[in-house]
2 protein chains.
Amino acid sequence: MPQETIGTSEERSPLSKERVLRGAIALADEKGLAALTMRSLAQELGAKPMSLYHYVANKDEMLDGVVDLVFSEIELPSSAGDWRVEIRRRADSARQALQRHPWATALMESRTAPGPATLRHHDAILGTLRSAGFSVKMAAHAYALLDAYVYGSALQEAALPFSGPDTVAIVAEPIVQLFAEGEYPHLMEIATEHVLKPGYDFGDEFEFGLNLILDALAAALPADQA
Amino acid sequence: MPQETIGTSEERSPLSKERVLRGAIALADEKGLAALTMRSLAQELGAKPMSLYHYVANKDEMLDGVVDLVFSEIELPSSAGDWRVEIRRRADSARQALQRHPWATALMESRTAPGPATLRHHDAILGTLRSAGFSVKMAAHAYALLDAYVYGSALQEAALPFSGPDTVAIVAEPIVQLFAEGEYPHLMEIATEHVLKPGYDFGDEFEFGLNLILDALAAALPADQA
DNA sequence: CGTATTTTCGTACATTGTACGATACTCTTT
DNA sequence: AAAGAGTATCGTACAATGTACGAAAATACG
């Protein structure tokens, strides 16, 4: 049966690096990072495994590209306008991107080779800080601080067994029972009196920390400019 | 030649979960996380691969145990004494632990099941904050903030292609040349005027951020207590 | 001793990344 | 249209990995 161009709705749009990387992201989003294998990705794209290697040198390099693509989803801050607004916007945007792709945080660690989107991203933030009046040194400090916080929060959130407001209780209840023995009293306290309360949202923790950092940086700005 | 109890200095101390986990850490420290395979670990321990499975259910559970062991290396803060001193001590200690085991940061992401050392650790920090006078809610905020910062910094540091003061220049110089084209002007500026300066140490960035956060939390404490 | 339990291991298999070379396809030049 | 050159796809095969399964060896205990 050598006919094949009939109605098989298998879309065989031609491959490309772009399509490979986007397919990888989609697969990781859908089935998790562990399910992202060259074989399954090829199948998803309607191709055979070895075909991918025409667009990526190897899996590691592909993951580098994937990370850079995720970075490109993050809104860049502008150097004009209020720096606090701009920095906050990109922080929220980064958090959202890493929420959409929770596996990405893990990836960013192992990859040491930043791609163009990553570099552009870093450059934009530094530009915003410099335009706001921070000295070179202070901009570096602020940048390291903000970045550590954003990625650290993403790490925390990815490790949480729940996501979104009010979904906590379902998962947490049995866990709380486990150490009701009184071995971790303060964890208990936080859990029952804060996290398990209806309406709890991890996003609030994020906003609190971000505000605190921005306020403190704003307070340090005048002295730095002098 | 069926003799074997002679002088072969292969130490065949009996296996144990402890020995397996510590061996795993040692191997990851030495050869990197990718080199940590059940086979190589078994060899390191003078055993055969399948023997390990009497002490760990599978590799994933082993990694959970490894992460918990790394956590146990971090100094716990005390609830007595100045909270800022205590929190700082544990932050520095955590950074050091994650510097000793740079691969651990990546692991912490994927594992969702915290071990006893991890729980004890979290509990101790919350205890210190509560003793300092923070409200439940504020303690949760402060804790999330501090933790995100510490792990985020570890993530950054692990991604850096250098480590320790003054080792930057060697690696960074050629990179800087690469985008000397002027595409990333602010990165250039930071690089040449700050990071590449002799005496640069990433640890200084860490301390700056930690101080800023602690100061801001201290400032928020009185209002929170009221 | 023997017997029961624990600890160690040998073999085997499925899954992964990917090296290597062959095939199919596309485009230019005649 | 034919031929040739390049490009994109793929088939086959191999080494490395986690680990299921059950056998063997070591140990503990009556």
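Letters go in sequence order (proteins before strands), and every chain restarts at 1. All values below come from the heavy atoms of this structure, side chains included, with hydrogens, waters and symmetry mates left out. Since the model is a prediction, treat every value here as computed from it, not as a measurement.
- Counting only N and O atoms by type, the side chains of Y55(A) and E61(A) include no donor and acceptor under 3.5 Å apart.
- When rounded to the nearest whole Å, the span between CG of L33(B) and C1' of dT17(D) equals 14 Å.
- The CD-C1' distance, from Q43(A) to dT15(C), rounds to 14 Å in whole Å.
- Computed from coordinates, the L45(A) CG to dT9(D) C1' distance equals 13 Å when rounded to whole Å.
- Using the six-membered ring where Trp is involved, Y149(B) and F206(B) have ring planes that are parallel, under 30° apart on the 30 and 60° scheme.
- The CG atom of L15(A) sits 14 Å away from the C1' atom of dA24(C) (whole-angstrom rounding).
- Side-chain contact check for Y184(A) and E189(A): no donor-acceptor pair (N or O, by modelled atom type) lies under 3.5 Å.
- Looking at the side chain of K48(A), the nearest of the listed nucleotides dT16(C), dT8(C), dG11(D) is dG11(D).
- Counting non-hydrogen atoms of other residues, nucleotides and ligands closer than 6.0 Å to NZ of K59(A) gives a total above 12.
- Put simply, NZ on K17(A) is 14 Å from P on dA8(D), counting in whole angstrom units.
- A heavy-atom distance below 4.0 Å to DNA chain D is reached by these residues of residues 49-66 of chain B, ordered by number: M50(B), Y53(B), N58(B), K59(B).
- Remark: P of dA16(D) and CE of M38(A) are 20 Å apart, rounded to the nearest angstrom.
- No hydrogens or angles considered: a donor-acceptor pair under 3.5 Å links the side chains of H101(B) and E73(B).
- Side chains of H121(A) and E75(A): a donor-acceptor N/O pair is absent below 3.5 angstrom, by distance only.
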